[in-house]
2 protein chains.
Amino acid sequence: MTQPNYSEEARMLVAVDCTIFGFDEEELKLLLVKRSFEPEKDKWSLMGGFLRDQETSDEAAERVLHDLTGLQQVFMEQVHTFTKPERDPGERTVSIAYYALINIKDHDTELSEQHDAQWFSLKDLPPLIFDHSQMVHKAILKLRQKTSTQPVGRELLPQKFTMRQLQRLYEAIYDEEFDKRNFTKRITLTNILKKLDEKDMSSSRKGAYLYEFDLEKDGHAHSYSFNV
Amino acid sequence: MTQPNYSEEARMLVAVDCTIFGFDEEELKLLLVKRSFEPEKDKWSLMGGFLRDQETSDEAAERVLHDLTGLQQVFMEQVHTFTKPERDPGERTVSIAYYALINIKDHDTELSEQHDAQWFSLKDLPPLIFDHSQMVHKAILKLRQKTSTQPVGRELLPQKFTMRQLQRLYEAIYDEEFDKRNFTKRITLTNILKKLDEKDMSSSRKGAYLYEFDLEKDGHAHSYSFNV
DNA sequence: TCAAAAGTGTTCACCGTACACCCATGG
DNA sequence: CCATGGGTGTACGGTGAACACTTTTGA
């Protein structure tokens, strides 16, 4: 059977949907948008968009994120592709789910207001359209997995941060509490942080040392693993 | 901006491509097909097919695998979605890559001959069309990851097998050799195997005990982890 | 009797975990 | 002077890794 082309096959819409993670010193949050068009207008959803003719899905995901936050060069990773025929009642649409890690203070709030976007605590999400809750769930699993092999603080924290902030971030990601002595030890072991002389005085009388990710060492072959 | 529908967006072909793993007591193999149509006719490729109107990608992957091997109820998992606009020169096609684990002796050889399919050692693959080599690469990584949290022997080995066969399988997956004492210990620890009274006499004078996966224990909460 | 594969245990180093007290400072 | 959060070390158990000799039996 030799076919000259694929003309009898079904064409369909392909979308990307982004689970956008941020961290506010307390808990993990997601940036959700109020959908501005039918179907499911005015319901909360992940930010998404359709794949264009000459675009990879990575590019589409970046574009979608940029439109909402003004940010570029953001860490994003593909999570899973969702294909149930009836998942979008408007028209058959296959959606490639992504997640993004952003510093919650960096994004352009005007842009996100234009999109009726809002940060929600991961622990208190509104109902989401279609299969977006499943996307969020898979995104968290993927984020945990990434966290277990690579540090994620650079993407989610300010440039300088305290050990406690980093710990709270990891606790939020794993939804689990850690002992601070063991946490400090494990992180120090990986050798990815540079301890600064500066202290952050905002959170306690004593003050907490600030750290930065050590760019010198980054890219070199130092092993990292954070098993919970 | 309220849109009544998505009419201005691009529709495209969506395909699934399957990396089919088998094990022949020695090495991991892939079942590849000689492509029967243009573009790239007569080149080696993963078995694939287009997503139909009322089909999930999981169903499409099963259908494609069934067409080639006659097998059903095979373990399959989604790997990654490939979206480069020019990846298929015939027409814009997004492809959802899957991998499958099959017992190399189970499949319908007539069917696979009809498709000009052939088993290739993972270590000696022919050039593959499009981005299929990348798909294979990601599939192996995913398989390793699965192997580290769940036993994969049930899918790839005959029902009864020796400890040595299981070890060779794991060595093939990780492309790494293990100490047989440590291997036996680690696997025994997980408690997933039942040692039979029978021996396999084909591989040595002494004979090797046969094992089965212990269905009693399966599904119960026994932890499994195989870290290399 | 010998060749070929199978089976089996111990030791050691490292890592993860549990756990409690003192420190610095602003109010 | 005291309340609040920050910082630090040790002891123990479990796990992964290294390692070598004996057993069986068909030829």
Side-chain angles (χ1 to χ4, degrees), chain A residues 25-27 144 147-149 151 153 157-158 160-174 176-212 222-228, chain B residues 25-26 144 147-149 151 153 157-158 160-212 222-228:
Chain A
E25 319 282 292
E26 245 343 288
E27 41 183 20
R144 284 185 188 157
T147 307
S148 71
T149 53
L157 292 173
K160 299 176 181 180
F161 53 88
T162 67
M163 192 59 83
R164 223 67 8 235
Q165 281 177 284
L166 186 64
Q167 180 173 344
R168 276 193 293 268
L169 170 60
Y170 276 55
E171 289 176 338
I173 291 173
Y174 286 110
E176 196 173 329
E177 299 202 341
F178 303 128
D179 177 276
K180 64 179 170 175
R181 282 163 294 190
N182 293 337
F183 182 82
T184 307
K185 206 191 311 171
R186 284 205 274 174
I187 294 292
T188 308
L189 246 283
T190 64
N191 216 30
I192 50 168
L193 297 187
K194 189 158 51 176
K195 189 177 193 169
L196 305 178
D197 287 332
E198 268 175 279
K199 283 190 160 191
D200 168 79
M201 300 306 292
S202 67
S203 66
S204 76
R205 320 259 189 240
K206 184 176 177 180
Y209 282 106
L210 288 166
Y211 292 79
E212 269 180 2
H222 60 279
S223 73
Y224 178 92
S225 98
F226 190 92
N227 303 307
V228 290
Chain B
E25 318 282 291
E26 243 347 285
R144 283 185 190 158
T147 307
S148 72
T149 53
L157 291 174
K160 298 176 182 180
F161 52 89
T162 67
M163 192 59 84
R164 223 71 4 239
Q165 280 177 284
L166 186 63
Q167 179 172 346
R168 277 195 291 268
L169 170 60
Y170 275 55
E171 289 176 337
I173 290 173
Y174 286 109
D175 192 21
E176 196 173 330
E177 299 202 340
F178 303 128
D179 178 275
K180 64 180 171 174
R181 283 163 293 189
N182 293 339
F183 182 82
T184 307
K185 207 190 311 171
R186 285 205 274 174
I187 293 293
T188 308
L189 246 284
T190 64
N191 216 30
I192 49 168
L193 297 187
K194 189 159 51 176
K195 190 176 192 169
L196 306 178
D197 286 333
E198 268 175 279
K199 283 191 161 191
D200 167 79
M201 300 306 292
S202 67
S203 66
S204 75
R205 321 260 188 238
K206 184 177 179 180
Y209 281 106
L210 287 166
Y211 291 80
E212 270 180 2
H222 59 280
S223 73
Y224 179 91
S225 99
F226 190 92
N227 302 306
V228 289

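None of these values were measured; they are calculated from a predicted model. Protein chains get the first letters and strands the later ones, always in sequence-line order, with residue 1 at the start of each.
- A donor-acceptor pair is defined here as one N or O able to donate and one able to accept, closer than 3.5 Å; no such pair exists between the side chain of A:Arg168 and the backbone of A:Glu26.
- Across all their heavy atoms, A:Gln165 and A:Pro158 have their closest contact at NE2-CG, 4.2 Å.
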If you restrict it to nitrogen or oxygen atoms, what contacts under 3.5 Å exist between nucleotides 9-14 of chain D and the protein, and what is each distance?
| residue | atom | partner | partner atom | Å |
| --- | --- | --- | --- | --- |
| D:dT10 | O4 | A:Lys185 | NZ | 2.9 |

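- Separation of atoms CG (B:Leu157) and CD (B:Glu25) is listed at 7.0 Å; rounding is to 0.5 Å.
- For A:Lys160, the side-chain contact (heavy atoms from CB on, under 4.5 Å) partners two or more places apart in sequence, or in a different chain, are A:Leu196, A:Glu198, A:Leu210, A:Glu212.
- Residue A:Tyr209 qualifies as open at atom OH: its count of foreign heavy atoms under 6.0 Å is 12 or below.
- The interatomic distance linking B:Glu176 (CD) with D:dG16 (C1') rounds to 13 Å, in whole Å.
- In the interface, the side chain of B:Lys206 is paired with the base of D:dT23 through a donor and an acceptor atom under 3.5 Å apart.
- Using a 4.0 Å heavy-atom distance criterion, A:Lys195 is classed as a sugar-phosphate-only contact.
- You can see that DNA chain C meets the heavy atoms of chain B within a 4.0 Å-exclusive cut from C:dA5 to C:dT10, reading 5' to 3'.
- Panel note: side chain B:Arg144, backbone B:Ile173; a donor-acceptor pair is recorded below 3.5 Å.
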Legend entry - Stepwise ring pair (Phe, Tyr, Trp, His ring centres under 6.0 Å) check, B:Tyr170 with B:Phe178: CA-CA 9 Å; B:Tyr170 275 55; B:Phe178 303 128; 7.5 Å; no
